[in-house]
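Reckoned from all heavy atoms, side chains included, excluding hydrogens, waters and symmetry mates.
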Amino acid sequence: MRSSETYAVVALLFLYRTVLEREVGELEGLVRARRRRKLPVVLTREEVRVVLAGLEELDRLFLTLLYGTGMRLMEALRLRVKDVDFSTNQITVRDGKGAKDRTTMLPAAVKPALQEHLKEVKRLHEQDLREGYGEVYLPYALARKYPRAPREWGWQYVFPATALSVDPRSGARRRHHLDERVFQRAFREAVKKAGIVKPATCHTLRHSFATHLLQGGYDIRTVQELLGHRSVKTTMIYTHVLNRGGHGVLSPLDSL
């Protein structure tokens with residue numbers, strides 16, 4: 001509702017100032033609808049295990065990485081080879097929400113599969129280079145500043161598309177990252193196959209990551225940094241979905 005209200009107010013301001021050429025003045029008594037607070041959907045550890053086990057190899061690797069790192073869907077899709085550090089078990093998330101960089105862990109459990117996956121990605125990149133392609137999109141005019149970078153291995157996407165495509169902005173034929181719908185569809189089918197009735201999406205894995213860390217005893221500031229939240233108040237939402245019943249209170253029924 002709040003976004004719809006904002007559009008309406010902006011449209012009225014445009015009408016008065018640009019079309020009617022009149023100043024609106026102070027909008028006194030304007031009451032905005034309150035944003036409804038919704039608790040995030042969270043899967044249990046067992047539900048995560050069952051869902052991931054029901055996925056095909058590439059889907060399992062990608063969605064396991066989402067759960068194991070807390071990355072957003074598009075953050076993982078835009079991940080570059082150079083930002084995965086196997087020696088320090090660390091992933092650098094570039095240009096996340098709010099145009100911020102942050103680091104998160106690289107889970108040991110996913111390292112062998114990810115390393116094997118990158119070997120295949122490198123072979124694909126080398127084949128593209130032999131065929132006269134091999135470029136990748138670089139943001140913020142980096143391609144002009146570093147003209148060789150688009151072909152370098154470190155700048156390639158960790159999860160590249162299966163086919164080359166034409167960039168509509170430049171006309172260049174490149175290999176983009178995989179489409180998010182590939183993994184959204186795979187996750188939706190795996191949830192259904194597991195018999196889980198929760199309205200879970202790929203983003204649910206990020207919610208589950210945060211909740212399970214808090215359940216494991218990690219402090220909320222650490223979780224805030226891993227998620228890249230600007231305020232700890234945003235991270236506090238996960239304290240309301242911890243698997244402890246009614247705010248950790250034991251029901252009198254269970255003490256009878």
Side-chain angles (χ1 to χ4, degrees), residues 3 7 10 52 55-86 90-104 106 110-111 113-191 201-206 228:
S3 60
Y7 293 144
V10 170
L52 295 179
L55 292 163
E56 297 295 329
E57 187 175 359
L58 180 61
D59 299 326
R60 185 187 308 121
L61 172 61
F62 180 84
L63 293 166
T64 298
L65 199 63
L66 284 192
Y67 172 66
T69 63
M71 284 190 290
R72 299 177 178 89
L73 176 63
M74 293 308 301
E75 289 173 345
L77 284 172
R78 292 169 180 158
L79 191 63
R80 313 276 182 157
V81 173
K82 67 181 183 61
D83 293 324
V84 181
D85 194 331
F86 289 98
Q90 182 172 280
I91 290 176
T92 303
V93 180
R94 305 286 184 185
D95 199 20
K97 191 173 182 180
K100 296 183 297 182
D101 293 353
R102 72 178 191 278
T103 58
T104 185
L106 172 61
V110 80
K111 283 177 64 175
L114 186 57
Q115 287 171 323
E116 287 301 313
H117 168 73
L118 286 177
K119 289 179 183 178
E120 293 298 322
V121 174
K122 190 170 186 179
R123 278 194 282 268
L124 181 63
H125 175 56
E126 290 171 348
Q127 177 183 323
D128 286 346
L129 289 173
R130 287 194 298 270
E131 295 175 356
Y133 301 110
E135 282 194 2
V136 71
Y137 167 75
L138 296 187
Y140 308 121
L142 286 173
R144 289 201 298 270
K145 187 175 182 181
Y146 307 107
R148 295 184 180 181
R151 291 175 176 267
E152 291 178 358
W153 165 237
W155 281 99
Q156 304 306 305
Y157 290 115
V158 173
F159 296 97
T162 55
L164 298 172
S165 59
V166 176
D167 188 332
R169 292 162 295 193
S170 64
R173 193 168 178 82
R174 299 188 177 115
R175 191 175 294 277
H176 201 52
H177 58 66
L178 280 166
D179 192 292
E180 64 267 27
R181 290 171 293 184
V182 172
F183 299 113
Q184 289 170 337
R185 182 167 54 249
F187 183 79
R188 185 167 58 249
E189 291 173 355
V191 169
T201 66
C202 291
H203 201 70
T204 300
L205 294 173
R206 176 175 162 88

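Contact record, Gly171 with Val166: O-CG1, 3.7 Å, taken as the closest heavy-atom pair. Minimum heavy-atom separation, Arg174 to Tyr137: CD-N, 3.6 Å. For the pair Val110 and Thr64, the tightest heavy-atom approach, listed with the atom from each and the gap, is CG2-CG2, 4.2 Å. The minimum heavy-atom distance between Leu106 and Asp85, with the atom names listed, is CD2-O, 4.0 Å. Across Pro160 and Leu178, no two heavy atoms sit closer than the pair O-CG, 3.3 Å. Of all heavy-atom pairs spanning Arg72 and Leu66, the tightest one is O-CD2, 3.7 Å.
Remark: Arg206 engages no residue in a salt bridge (Lys or Arg N to Asp or Glu O under 4.0 Å) (not counting sequence neighbours).
In this structure, the separation between CG on Leu65 and CZ on Phe159 is 5.5 Å, given to the nearest 0.5 Å. Residue Leu124 holds its CG atom at 12.0 Å from CG of Leu118, rounded to the nearest 0.5 Å. The structure places CE of Met71 at 8.0 Å from CZ of Arg102, a figure rounded to the nearest 0.5 Å. Going from atom CD of Glu120 over to atom NE2 of His117 covers 9.0 Å, rounded to the nearest 0.5 Å. Taking CZ of Arg185 as the reference point, atom SG of Cys202 lies at 11.0 Å (rounded to 0.5 Å). Here the CG atom belonging to Asp101 is positioned 7.0 Å from the CG atom belonging to Asp95, to the nearest 0.5 angstrom.
Using a distance-only test at 3.5 Å, with no hydrogens or angles considered, a donor-acceptor pair links the side chain of Lys100 to the main chain of Gly228. Remark: side-chain polar atoms of Thr69 are not paired, donor with acceptor, to backbone N or O of Thr104 under 3.5 angstrom. Lys122 places no side-chain N or O within 3.5 Å of a backbone atom of Trp153 that could act as its donor or acceptor partner. Judged by distance alone, the side chain of Glu135 and the main-chain N or O of Glu152 form no donor-acceptor pair under 3.5 Å. With hydrogens and angles ignored, the 3.5 Å screen pairs a side-chain donor or acceptor of Arg60 with a backbone N or O of Leu55.
Counted within 6.0 Å of CZ on Arg78, heavy atoms from surrounding residues, nucleotides or ligands total 12 or fewer; the atom is thus considered open.
A salt bridge is defined here as a Lys NZ or Arg NE, NH1 or NH2 lying under 4.0 Å from an Asp or Glu carboxylate O, and Arg123 with Glu126 fails to meet this definition. A salt bridge is absent between Glu131 and Arg173; no separation between the charged side-chain nitrogens and carboxylate oxygens falls under 4.0 Å.
Using cut-offs of 30° and 60° on the angle between ring planes, the pair Phe183 and Phe62 is parallel.
Each of His125, Arg80, Arg175 was scored for a side chain to side chain contact (heavy atoms under 4.5 Å, CB included) with Tyr157, with one residue passing: Arg80.
Here the side chains of Leu138 and Tyr146 are not in contact, with every heavy-atom distance at 4.5 Å or above. For the pair Val158/Leu114, a side-chain contact is recorded, criterion being any heavy-atom separation below 4.5 Å from C-beta on. Side-chain contact between Val182 and Leu58: absent, with no pair of heavy atoms (C-beta onward) separated by less than 4.5 Å.
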